[in-house]
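For clarity, every value in this text was computed on a predicted model and none was experimentally measured.
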Number of protein chains: 2
Amino acid sequence: MTMSNRASSSSARANALPRYREIYASLREKIVSGEWPAGHRLPSEHELARTFGCARMTISKALGTLADQRLVTRRRRAGTTVNMPRPQESVLEIHDIEAEIVAAGVSYAYESLARQIRRANGSDANTLGVASATPVLALTGLHLAGGRPHALEERLINLQAVPEARSERFHGISPGRWLLQRIPWTEAEHQIGALNADAAVARWLAIRPHTACLTIERNTWRDAQRITHVRLIYPCDQHRLVARFRYRPL
Amino acid sequence: MTMSNRASSSSARANALPRYREIYASLREKIVSGEWPAGHRLPSEHELARTFGCARMTISKALGTLADQRLVTRRRRAGTTVNMPRPQESVLEIHDIEAEIVAAGVSYAYESLARQIRRANGSDANTLGVASATPVLALTGLHLAGGRPHALEERLINLQAVPEARSERFHGISPGRWLLQRIPWTEAEHQIGALNADAAVARWLAIRPHTACLTIERNTWRDAQRITHVRLIYPCDQHRLVARFRYRPL
DNA sequence: ATTACAATTTTGCCTAGTCAAAAAAGAAGG
DNA sequence: CCTTCTTTTTTGACTAGGCAAAATTGTAAT
């Protein structure tokens with residue numbers, strides 16, 4: 001099956017875009033411009049292959065990309081239909097605090113405030129999602145940016161999943177970074193909320209009591225096993241989260 | 001080029017997984033288990049095709065999926081290498097408030113508090129990202145869940161992008177939903193923060209002044225054009241955001 | 001030793017087909 | 001009219017190749 005390859009590789013050398021991307025862009029344009037409104041059924045792969053002058057698989061790849069991005073839905077025999085009122089989902093990047101502070105050009109430090117190994121009590125078992133009496137490591141610490149309090153961290157680590165943590169003292173290195181470097185995780189869940197700082201929190205963070213704070217709770221798993229639970233408390237004027245909707249990397 | 005199709009379609013009819021997904025799962029397992037640590041180079045496509053007994057393109061699709069999920073990086077000649085310390089990015093679904101409230105089994109209403117058409121002043125131009133004196137629609141309103149205040153909304157709409165909004169009164173329907181149904185957007189950015197309710201906010205939301213609130217600011221674009229900016233203020237005890245790390249839909 | 005060039009490997013993208021499964025549309029029967 | 005069976009369209013998954021581009025590796029010349 002010898003074949004002269006696609007025209008673009010020899011003739012139109014200027015545009016570096018692969019053919020399926022061109023086709024993708026062309027179809028996407030019709031959708032976002034509103035020319036093909038929600039519910040519209042696009043031509044079949046065969047038909048598109050004829051009009052674009054390429055193999056069906058190339059069309060399939062372009063349509064597949066649109067489907068990955070939730071711009072269209074594809075069903076056998078039913079065809080490909082436009083999917084307009086897009087679900088509002090954004091990609092929220094939750095950075096390592098140290099990296100974030102250093103990136104801002106400020107010195108970073110982690111100060112350990114409390115450390116205890118215990119068998120999980122009811123509350124621990126609940127927040128960490130492990131059986132009661134499972135050995136856990138409970139940590140409280142402060143993230144400092146430029147020597148000033150930046151965030152308060154309350155963490156539980158499942159020692160069954162991370163036995164190496166038992167002997168670690170977390171001097172200098174934050175538990176988050178320590179864990180990240182050691183154990184790969186497969187799932188994570190974040191909950192973001194707000195709270196009024198109570199007296200203890202306000203003291204550690206050097207803010208006035210009752211100041212609004214942003215809280216981020218994170219649970220991480222490796223496949224089915226819970227690894228750690230952490231709650232971070234940021235004074236409202238020191239932190240914002242940015243989430244950006246992003247097409248999946250084309 | 002006549003060929004008996006893959007074995008799984010005739011012999012192993014039990015497992016519904018396509019071949020490339022099986023291969024994907026098998027490779028992913030090696031990575032998340034740590035057998036192939038970060039930096040490890042996996043076998044070439046040709047080699048994998050031989051070991052798995054399939055065409056190179058099937059392997060390519062499996063590896064492509066891994067690459068889409070950022071588990072590996074692929075470069076010509078350099079091969080495919082494991083990409084372990086995964087960037088912490090989560091998918092945050094920011095729902096339409098109405099849908100969210102109705103889903104919780106509570107009645108929903110939107111109450112308009114203020115509405116003004118004006119030429120963008122300095123502050124408007126800044127938050128909406130348009131030129132000064134561009135016509136904008138400024139709205140303030142309250143989202144009610146079960147008759148009680150749920151969230152306060154402050155919105156600016158670029159009338160150049162959405163001229164139909166000029167004559168809309170937003171009775172019953174919330175501006176967010178109205179916009180979502182009408183104009184497709186291509187980019188969105190969210191900023192999440194916390195604040196202490198001031199007197200006015202506290203009154204509208206029927207909470208005590210100084211209560212911590214979660215704020216979500218959203219900017220939406222259609223390609224390069226700004227469509228709207230909105231700030232939603234939720235009392236801290238009434239709302240949490242949940243972001244889940246998710247592999248991109250396989 | 002360093003630089004420049006050539007060879008080789010590996011992925012990226014493509015073609016032109018096949019077989020299979022899903023679902024819609026049409027036909028037939030009650 | 002409604003149900004059931006059959007046909008047909010359309011996507012899903014795959015094969016077995018091919019050429020091109022990128023990056024590494026090896027080689028030769030300065």
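- Remark: P of D:dA13 and CD1 of B:Ile23 are 13 Å apart, rounded to the nearest angstrom.
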**OP:** Please step through side-chain contact (heavy atoms from CB on, under 4.5 Å) for the pair A:Leu232 and A:Ile97, ending with a clear verdict.
**Re:** CA-CA 10 Å; A:Leu232 296 162; A:Ile97 299 179; 3.7 Å; yes
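- Shown here for A:Pro175 and A:Leu139, the closest heavy-atom pair between the two residues is CG-CD1, 3.7 Å.
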Subject >> Criterion salt bridge (charged side-chain N to carboxylate O under 4.0 Å, His left out) on A:Glu45 and A:Arg74, from CA distance to verdict >> reply: CA-CA 11 Å; A:Glu45 293 192 351; A:Arg74 317 190 67 202; 2.4 Å; yes
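- One interatomic measurement links the two molecules: CG of B:Leu17 to P of D:dC14, which rounds to 10 Å at whole-angstrom precision.
- At the phosphate of D:dA13, neither OP1 nor OP2 sits under 4.0 Å from any side-chain N or O atom of B:Thr58.
- For A:Arg76, there are no salt bridge (charged side-chain N to carboxylate O under 4.0 Å, His left out) partners two or more places apart in sequence or in a different chain.
- A:Glu29 and A:Tyr24 form no side-chain donor-acceptor contact under 3.5 Å, judged by distance and modelled atom types alone.
- With rounding to whole Å, A:Lys61 atom NZ is found 17 Å from D:dT11 atom C1'.
- Of the residues in residues 48-57 of chain B, those placing a heavy atom less than 4.0 Å from an atom of DNA chain D are B:Cys54, B:Ala55, B:Arg56, B:Met57, in numerical order.
- The residues A:Arg50 and A:Glu47 are annotated as not salt-bridged, no charged nitrogen and carboxylate oxygen being separated by less than 4.0 angstrom.
- At whole-Å resolution of the value, CG in A:Leu63 and P in D:dA13 are 14 Å apart.
- Of the candidates B:Tyr108, B:Tyr110, B:Tyr234, B:Tyr108 is the only one forming a side chain to side chain donor-acceptor pair (under 3.5 Å) with B:His143.
- Taking atom OH on A:Tyr24 and atom P on C:dC13, their separation rounds to 14 Å, with Å as the unit.
- Put simply, CZ on A:Arg21 is 11 Å from P on C:dC14, counting in whole angstrom units.
- Listed here is the closest heavy atom pair of A:Ser26 and A:Phe52: OG-CZ, 3.7 Å.
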With the criterion being N/O to N/O and under 3.5 Å, what pairs connect the protein with nucleotides 6-10 of chain D, and how long is each?
| residue | atom | partner | partner atom | Å |
| --- | --- | --- | --- | --- |
| D:dT8 | O2 | A:Arg77 | NH1 | 3.0 |
| D:dT9 | O4' | A:Arg77 | NH1 | 3.4 |
| D:dT10 | O2 | A:Arg77 | N | 3.1 |

